[in-house]
Amino acid sequence: MALLCRVSSAPGRGLWRFFSYGTKRYQNPEAFSSKFFPPLQKAMLPPNSFQGKVAFITGGGTGLGRGMAALLSSLGAQCVIASRKIDVLKATAEQISSQTGNKVHAIQCDVRDPDMVQNTVSELIRVAGHPDIVINNAAGNFISPTERLSPNAWRTITDIILNGTAFVTLAIGKQLIEAQRGAAFLAITTIYAESGSGFVVPSASAKAGVEALSKSLAAEWSRYGMRFNVIQPGPIKTKGANSRLDPGGMFGKEVIERIPCGRLGTVEELANLAAFLCSDYASWINGAVIRFDGGEQPFISGEFNFLRKVNKEQWDSIEGLIRKTKGS
């Protein structure tokens, strides 16, 4: 669904632009608040912010991973993207390279396989050098009543998210320690990693583990020059996520209604946040978990937040009833 368009590197103009379908489809026309929070679709950081840097992104062929790779490449990074589908990876790498003028390498990797991860890291270092940025973005998810899950379904999701993140982080981290080089690590989780959520229990459990891993290594491996941070995205419309989490398109309006900003997030906004956290501008941010959800989590957590649906006349009536109440 996210269609990459021509990238401009002219001074004062956006370095990148995509989402040719616009934003209106992903906001509630009845949500007055959305007009106050229009998404910006240009790079936040200055040109060449990542010149001379190497970025490694898992799940880099589509969706959020593709968006982050496109932005980092437009800002000067040499990107290496990895996922299981090499044909998709190669197409993405070629398209981004043609738009930004910077080389993007594609390496096939199933993060569930530790031997394949080791080989991928060796190839990464061979073609581009030790990474300065590592983004653990590979994920899998689908909605299901938990009682319907098989052991294989549970294993598939937790292997990709938790084990895959651990395998990549350990393999690259050990190489960086040996080479005495630092790096910025970023993991993409979800807002329900903290709260838990029914119907996506394997994902919630695995992503909570990823957050614990990131915070633990932020404390332990900073002595080696490595930083670890996490972004918890709320609802962002991408083809892959929607095909498994809202396959019938039944839940879109309900999701937007519980977002105080009145719209879904965009890949561009997520990529800008990711780029900042991986940049030298964020060198003192370590062990952070950044919620990025338009206010959804505070809204669904507040017991009385449903009262925003009460209109002025109803409030007048309620206030009158409260004033008539005597005693405690």
Look at the side chain of Ser73 and the backbone N and O of Thr100, then say whether any donor-acceptor pair between them is shorter than 3.5 Å. no
Would you mind checking if Glu268 and Arg66 are paired as a salt bridge, meaning a charged N to carboxylate O distance below 4.0 Å? no
Decide, yes or no, whether a salt bridge links Glu94 with Lys90 under the criterion of side-chain N to carboxylate O below 4.0 Å. no
Is any side-chain heavy atom of Phe167 closer than 4.5 Å to one of Val121? no
Flag the pair Ile188 / Gln232 as yes when at least one side-chain heavy-atom distance between them is below 4.5 Å, and no otherwise. no
Below 4.5 Å, heavy atoms only, C-beta onward: do Asp293 and Ile259 meet side chain to side chain? no
Check: Arg84 main-chain N/O paired with Gln108 side-chain donor or acceptor under 3.5 Å: yes
Measure from the side-chain N and O atoms of Asp113 to the backbone N and O of Met116, and report whether any donor-acceptor pair falls under 3.5 Å. yes
Carboxylate-amine/guanidinium contact Asp87 Lys85, below 4.0 Å: no
Heavy-atom closest pair, residues Ala128 and Val54: O-CG2, 3.2 Å
May I have the list of side-chain donor-acceptor pairs in residues 196-208 shorter than 3.5 Å, sequence neighbours left out?
unit_1, atom_1, unit_2, atom_2, d
Ser203, OG, Tyr192, OH, 3.0
Ser205, OG, Val201, O, 2.9
Lys207, NZ, Thr189, O, 3.4

Please tabulate, for the side chains in residues 223-231, all donor-acceptor contacts under 3.5 angstrom to protein atoms that are two or more places apart in sequence or on a different chain.
unit_1, atom_1, unit_2, atom_2, d
Arg223, NE, Glu220, O, 3.2
Arg227, NH1, Leu277, O, 3.1
Arg227, NH1, Ala282, O, 2.8
Arg227, NH1, Ile285, O, 2.9
Arg227, NH2, Leu277, O, 2.9
Arg227, NH2, Ser279, O, 3.3
Asn229, OD1, Gly287, N, 3.2
Asn229, OD1, Ala288, N, 2.9
Asn229, ND2, Ile285, O, 2.8

One pair to check against side chain to side chain donor-acceptor pair (under 3.5 Å): Thr169 and Asn136. What are the steps and the verdict? CA-CA 8 Å; Thr169 301; Asn136 280 298; 3.1 Å; yes
